[in-house]
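Because the structure is predicted, anything quoted here is derived from the model rather than measured. Both ligands and their constituent atoms are indexed starting at 1 by order of listing.
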Amino acid sequence: MKKIMAANWKMYKTQQEAKDTAKKLLELIDGKVKEDREVLICPPFTSLSVVADVINRYQYMKLGAQNFYPAIEGAYTGEISPKMLIDVGCEYALVGHSERRHILNESPEFLAQKVEFGLEMGLKIIYCIGEKLDQRKAGKVEQVLTDQLEKGLAKVSKEKDIVSRLAIAYEPVWAIGTGEVAGEKEIYEAHTLVREKLIEFIGGQAKDIPILYGGSVKPDNVKSIINIDNVDGVLVGGASLDANSFSQIVLA
Ligand code: 13P
């Protein structure tokens with residue numbers, strides 16, 4: 001399975017900054033990226049097309065959106081549809097990022113609609129899950145992750161060509177943007193659980209669904225994280241904003 005080295009630029013960068021960062025990243029990594037790796041950039045909507053122009057000649061470089069609305073088009077002021085994302089060159093989209101769950105208050109039902117619709121429209125969906133610190137302290141990691149997976153994937157068709165476009169990102173909320181990375185044991189346990197649950201909900205083909213880790217991934221910890229069983233990539237926030245630091249992560 002290919003490892004997905006993903007950058008989530010969140011609400012950072014103007015078009016010029018996004019273009020410059022993507023160009024610099026390519027200067028640093030082109031010709032050095034391992035064959036079994038894909039590099040995914042998820043810029044803000046306003047920079048999708050400039051980043052697309054920079055990366056579109058490079059097969060291992062992929063474009064992703066951070067969010068979308070589950071409809072083809074319509075009277076949804078302020079929203080963006082999967083059709084528009086595909087049109088601008090997106091292959092991937094994130095759904096259920098912790099900032100959308102906890103700051104934008106997106107409900108599990110709404111996220112399930114997005115996962116279903118995005119996959120049906122042909123996007124590759126990275127469905128994000130993760131527990132908060134109080135939930136971990138209360139021993140509820142298994143319960144929370146199982147619940148998020150069960151609800152988010154409730155409407156996913158088990159057809160092979162659909163499931164082959166699904167990925168999961170485990171991002172413990174307490175490790176996002178805090179500098180506090182989950183320990184190897186915690187990552188191993190969570191990813192093993194996610195793999196088991198995916199197989200339970202979807203069937204044997206779920207062994208091929210990539211499971212990414214996210215939460216304070218940096219150049220100096222990525223190597224040990226990426227080598228853990230069932231870690232099929234990383235989803236990086238802060239350390240992906242700088243081309244230098246993200247290049248070290250991509251090449252680790
Ligand atoms: P940080 O890498 O800044 O902790 O963010 C992780 C994240 O939210 C990626 O989606």
Side-chain angles (χ1 to χ4, degrees), residues 3-13 17-18 21-22 25 37-45 47-48 51 62-68 85 90-106 111 114-115 118 123-133 135-136 141 144-145 148-149 152 166-184 186-187 190-191 194 210-226 228 231-252:
K3 300 241 191 233
I4 304 172
M5 314 304 276
N8 174 8
W9 285 352
K10 307 192 179 183
M11 198 173 76
Y12 289 96
K13 295 188 189 294
E17 289 164 350
T21 310
L25 177 69
R37 291 197 182 177
E38 243 175 43
V39 181
L40 170 64
I41 311 273
C42 303
F45 291 134
S47 291
L48 283 171
V51 174
K62 308 286 177 189
L63 189 67
Q66 299 170 19
N67 183 38
F68 61 85
L85 296 176
C90 286
E91 190 171 322
Y92 282 87
L94 307 179
V95 170
H97 190 278
S98 98
E99 287 142 21
R100 299 221 57 97
R101 289 180 191 266
H102 304 303
I103 303 175
L104 283 305
N105 293 320
E106 294 190 354
L111 297 177
K114 291 198 200 190
V115 173
L123 284 169
K124 291 180 178 167
I125 297 297
I126 302 181
Y127 175 60
C128 308
I129 59 172
E131 80 287 357
K132 294 189 195 173
L133 188 57
Q135 294 169 325
R136 175 166 282 274
V141 177
V144 171
L145 298 185
Q148 290 174 340
L149 282 174
L166 178 67
I168 305 295
Y170 169 61
E171 300 201 295
V173 179
W174 48 273
I176 295 179
T178 58
E180 182 134 2
V181 66
E184 284 179 37
E186 289 156 333
I187 298 175
H191 281 238
V194 172
I211 308 173
L212 281 58
Y213 170 79
S216 297
V217 174
K218 305 276 184 258
D220 61 1
N221 61 26
V222 63
K223 218 168 182 168
S224 53
I225 293 172
I226 202 87
I228 299 170
V231 174
D232 309 305
V234 286
L235 180 53
V236 188
S240 76
L241 294 171
D242 176 66
N244 249 314
S245 97
F246 190 55
S247 73
Q248 291 173 51
I249 290 173
V250 168
L251 301 177

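- Across Leu85 and Asn67, no two heavy atoms sit closer than the pair CD1-O, 3.8 Å.
- The protein atom (non-hydrogen) at minimum distance from atom 2 (O) of ligand 1 is Gly237 N, 2.9 Å.
- Here the protein heavy atom with the shortest distance to atom 9 (C) of ligand 1 is Glu171 OE2, 2.9 Å.
- Here the protein heavy atom with the shortest distance to atom 4 (O) of ligand 1 is Gly177 N, 2.6 Å.
- Backbone and side-chain nitrogen or oxygen atoms of Gly238 are examined, and one is located within less than 3.5 angstrom of a nitrogen or oxygen of ligand 1.
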Yes or no on side chain to side chain contact (heavy atoms under 4.5 Å, CB included) for Glu99 and Leu104, after CA distance, side-chain angles and deciding distance?
CA-CA 7 Å; Glu99 287 142 21; Leu104 283 305; 5.6 Å; no
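- His97 and Gln66 are not linked by any side-chain donor-acceptor pair at a separation below 3.5 angstrom, with hydrogens and angles left out of the test.
- Residue Leu235 has at least one heavy-atom neighbour below 4.0 Å for each of these atoms of ligand 1: 9 (C), 10 (O).
- Remark: minimum distance from atom 5 (O) of ligand 1 to any protein heavy atom is reached at Lys10 NZ, 3.3 Å.
- At least one heavy atom of Gly215 lies less than 4.0 angstrom from ligand 1.
- Within the 3.5 Å criterion, the main-chain N or O of Ala239 finds a donor-acceptor partner in the side chain of Ser245.
- Taking 4.0 Å as the cut-off, Ser216 counts as a neighbour of ligand 1 on heavy-atom distance.
- One N or O on the side chain of Arg101 and one on the backbone of Gly96 form a donor-acceptor pair closer than 3.5 Å.
- Between the side chain of Arg136 and the backbone N or O of Glu131 there is no donor-acceptor pair closer than 3.5 Å.
- The part of Asn8 lying near ligand 1 is the side chain, judged by heavy-atom distances below 4.0 Å.
- Within a 6.0 Å radius of CZ in Phe45, more than 12 heavy atoms belonging to other residues, nucleotides or ligands are found.
- Between His191 and Tyr170, the angle of the ring planes goes over 60°, which puts this pair in the perpendicular group of the 30/60° scheme.
- When only interatomic distances are considered, the shortest N/O to N/O separation between His97 and ligand 1 falls below 3.5 Å.
- Contact between Ala175 and ligand 1 is present, with at least one heavy atom of the residue lying under 4.0 Å from the ligand.
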